[in-house]
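Quick note: numbers below take in every heavy atom, side chains included, and nothing from hydrogens, waters or symmetry partners. Note on naming: letters A, B, ... go to the chains in the order of the sequence lines (proteins, then strands), and numbering restarts at 1 for each one. Remember, predicted model here, so these are calculated numbers, not experimental data.
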Amino acid sequence: MMPSDEDRLDLILRTRLELLEQAVDEVSEIIEAMTDQRERLGKVEECLRPGGQLSSSEKKIRTTLGDAATRLDTVLDEDSAGLGNVDRGLLNEAQQFLLDAKPSLSQLSTDRSRAYESFQGIRRWSIAGLPDQELNEAAQDYRRLLADIRRSAEPWQRYAAQLRGHGQELFTLYLELLGGMAVRGLGLDAAALVGDVQMLVRHLMQPLGSAARKAPQPRSPHVLMGTRHRPLGYPEWSLWALPLVGRTAGEYLIREGTFETAVPEQLRVLCADLYALHALGPSYAPAALFLELDPGEAPAGVLPDSIRARVLLKKLTQLGDGSVRKSLDWIAKQLAEPWSRARLAVRGRNTSLDQSEREVLEEFFIELRDGFKEIAYETRWLSEAEHLGRKLAEGGEGLDNLAPSPRDLITAIWLARLENPTRARLIHSRAKIVAQRIPIGNQPL
Amino acid sequence: VSTPQPATVLLGRIEGEQQRLRHTEGVVLRAGPGAGWLEKIAGDRLRALIGNARTRLETLKRDIQRSGVTRERLTKMAELQQATDRVTSECLALALGALARHFEVDAGACDQADLLIRELAGRVDRRFARPTVPGEEEFLHRAADVVRRRVPDNGLWDLPIMAHEFGHVVASGLQTYDAVGDQVLRPVETFLAGFDGLRRQQVTELFCDVFATFALGPSYPCALVLHRLDPTARAVVDETATHPGDASRVYACLWTLRRMQGSTKIAGPYDRVLWQLDTAWQELQRDAPDHARLNDEARGALRSDLAGCWVALRDNLGTVGYQWSGRVRDLVEELEDSGAAPAPAGYSAPDVLNAAWTVRLDAWSGGALPPEDLESHVRGLLQAALAVARSDDAQ
């Protein structure tokens, strides 16, 4: 009997593949919606186009009016006898009405032409203008590829070779689509996340004070989630990936010289990881390990992700005092196990930092803890996040009065996912409902 | 030389005791500015108490007049004199308490306690709402079921202790109707009936600790452990003591809080306060004698008693249980950073007490002092929460 995915794939690869499948599903939903829209737009076009329904009606009216005018001319010919003065007056009046109708008809024709031109513009920029045939094929190909990876004897290798770092056609198209929709305010996840991202970024950039205004503005979460891997495309728009915004902010702050610790170039990304962990709390660690970090080897001259993972797992357990030690240990354990399996699968070699590098990290971590308390994640409310996560994972009602801060929400979804990996989709769909309630503005984090 | 006969002496004593009782009734229930209030809260109970004492004296008087003094009657006389002492002292304590409340010697502490008890009673049976008067220490006198609040105490920080005293009212008065057997049950009494003498009293105190923790949440263990209990006192007391050992009471409160939290995979709402109290108590006990610490055997015995208390509570008083909610966090944020966030809607007095203790403990844990205006801020929130309880009650 074939072993189940759960036995063959570690949680990290499973998570990544599930997210991709979720993305394909959402793309398919949009493609369906596009087909419907295209039909409606086709009907409108049929009505407006030259030679279309409106145009034909115009023509008929014009002909009818012309016929009526000819008849009147004949009746009113001076040679005609037998018309009394009163009747002649009435017919003259009718002739004048026909003359008056002509400019209105011409105006109607002009307006229709203009409406048709505008409609052409709208259609050109509409999602329904995108080629759904290609998208459908790309989605099917993608599904097949994901299924192949799941069945593969060496799934991590297959994943790394075929997905990681490779721009897939589907996602190129999908991102265009999303970009197009965002322009028109029709965005799905991305637009819904803007409020959350703005709040997180405001929080993350606090150490800059008034200089924060010059920091990158989160018009799109994509801007703030730059990564050297660009691993998945889609999840960068999802709530799961939202914590990754913390590292980008950390890198920006380090570049701006916000911290006293002298951070050498090669450790910037690690210190940025620590900043994200400090400011956003435990959610950053699973987001980084599950979605971004590469369990395999790094290119020469680049800090291996295995070191970043090890540092994150260690520092995660030091985020709070003794009251949460057990909880943080539990979270770290849930991450360490699949990470080890993933490392084993790609046969990753262990490398480590030297003493001076470790000292820099320690100094930076202490600086964060003692000097940037006000932005630290408050581990004392970890139980609240777990409680919220449980509500999301349980399904049913009870989301009505929930309006957590983005930081609590991302913590809640990751804790819930670690507790209930099989309910990830439910958790995400319910969390999106909650996230959409977060207003874009100056709410406290 | 003729000497007074024993019967004459005893009859004289009886007359004297009856006079004391008459005087007590006159002074306590009819004279002074506190009399009206006392009459309202406990008039019937006190009159019945005094009336019973007088009836017993009258019976003894008739017996002596009819058939003289016997050894048993001498013993009875001594018992009745002691009973009169108890009655008069209880009545006078209440009268002094009423006076103290009238002249606001307690600075509103008893008014606050009355409202908290009323809120708790609302979750069980409104008839259990007993009034409070100032006293030297907290206790509930069985004669009039009036709760004493220690005055002065540590203000709102000690207010949770009132829930323990209310636990005594519930323990003795709770009745439930068993529809299947068509009978009235007294569940807590039935549980306590398994214990005799002072041992029963100790278990009752334990029940009241469990009850107060169950009803209020962490604020009761905070007040008890950090303000009242002695880390050097014997952990286990002998059977002549009225209360369990102090370490036993700490264990009881923390055990209850853990039980209320249930099992959580990651973090429970009481994890932090449990850790803080446990660590603080261990630190306080660092130089304490060995007998102040609970050993495994004592813990095992305690767990058995606690399990009994828990079952009695869970099965019969589930509605009293405090439910932790996100409102506590909102209140904490409001208290820590005054004005940063508005107080959440629908918070209760126990929510405020728990939030207040959270702020205080977290400040202490960080080696800092709580915000200067913390107490006045908490008082404002508490007043608002209790006002809701008062208006609900009026309705």
Side-chain angles (χ1 to χ4, degrees), chain A residues 281-283 286 316-317 319-335 369-370 373-374 376-391 393 398-399 401-405 407-409 411-421 434 442-445, chain B residues 217-218 222 254 257-258 260-283 323-347 351 354-355 357-368:
Chain A
S283 65
L316 169 65
T317 62
L319 278 186
D321 57 23
S323 65
V324 285
R325 191 64 40 78
K326 226 173 67 188
S327 313
L328 296 173
D329 283 349
W330 184 88
I331 299 169
K333 193 167 166 245
Q334 304 312 304
L335 307 182
R369 201 185 56 199
D370 298 345
K373 281 181 189 166
E374 68 286 352
Y377 176 80
E378 289 193 84
T379 50
R380 63 177 169 163
W381 303 122
L382 203 56
S383 62
E384 302 280 314
E386 191 195 0
H387 183 68
L388 172 60
R390 219 176 300 135
K391 277 193 173 170
L399 297 182
N401 298 319
L402 295 179
S405 71
R407 192 163 54 161
D408 287 335
L409 186 62
T411 311
I413 60 170
W414 272 110
L415 293 184
R417 182 170 197 146
L418 292 177
E419 277 196 87
N420 311 280
V434 176
N442 289 318
Q443 273 67 34
L445 192 82
Chain B
C222 287
L254 302 189
L257 218 45
R258 269 190 208 100
M260 287 166 70
Q261 179 166 275
S263 62
T264 53
K265 225 176 209 172
I266 303 174
Y270 303 134
D271 276 354
R272 187 168 176 78
V273 71
L274 280 164
W275 177 77
Q276 285 168 323
L277 290 177
D278 198 33
T279 313
W281 182 252
Q282 279 178 35
E283 286 295 312
Q323 299 292 327
W324 180 273
S325 77
R327 285 191 292 270
V328 177
R329 176 179 177 173
D330 296 339
L331 286 165
V332 166
E333 281 165 1
E334 149 100 14
L335 291 170
E336 281 180 344
D337 189 4
S338 188
Y347 66 88
D351 287 336
N354 289 326
W357 269 106
T358 303
V359 174
R360 200 177 189 207
L361 271 178
D362 283 350
W364 285 351
S365 298

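- Distance check, rounded to the nearest 0.5 Å: CG of L328(A) to CD1 of I266(B) gives 10.0 Å.
- For I331(A), the part lying near chain B is the side chain, with the backbone staying farther off; criterion is any non-hydrogen pair under 4.5 Å.
- The contact between D362(B) and chain A is made entirely by side chain atoms (from C-beta outward), counting heavy-atom distances below 4.5 Å.
- Looking at V332(B), only its side chain comes within 4.5 Å of chain A, counting heavy atoms on both sides.
- Both tests hold for R360(B) against W357(B): distance to the six-membered ring centre under 6.0 Å, angle to the ring axis within 45°.
- Ion pairing between R272(B) and D321(A) holds under the 4.0 Å rule for side-chain N and carboxylate O.
- Interatomic distance, CG of N354(B) versus OG of S325(B), reported as 9.5 Å (0.5 Å rounding).
- When heavy atoms are compared at a cutoff of 4.5 Å, E419(A) approaches chain B by way of both its backbone and its side chain.
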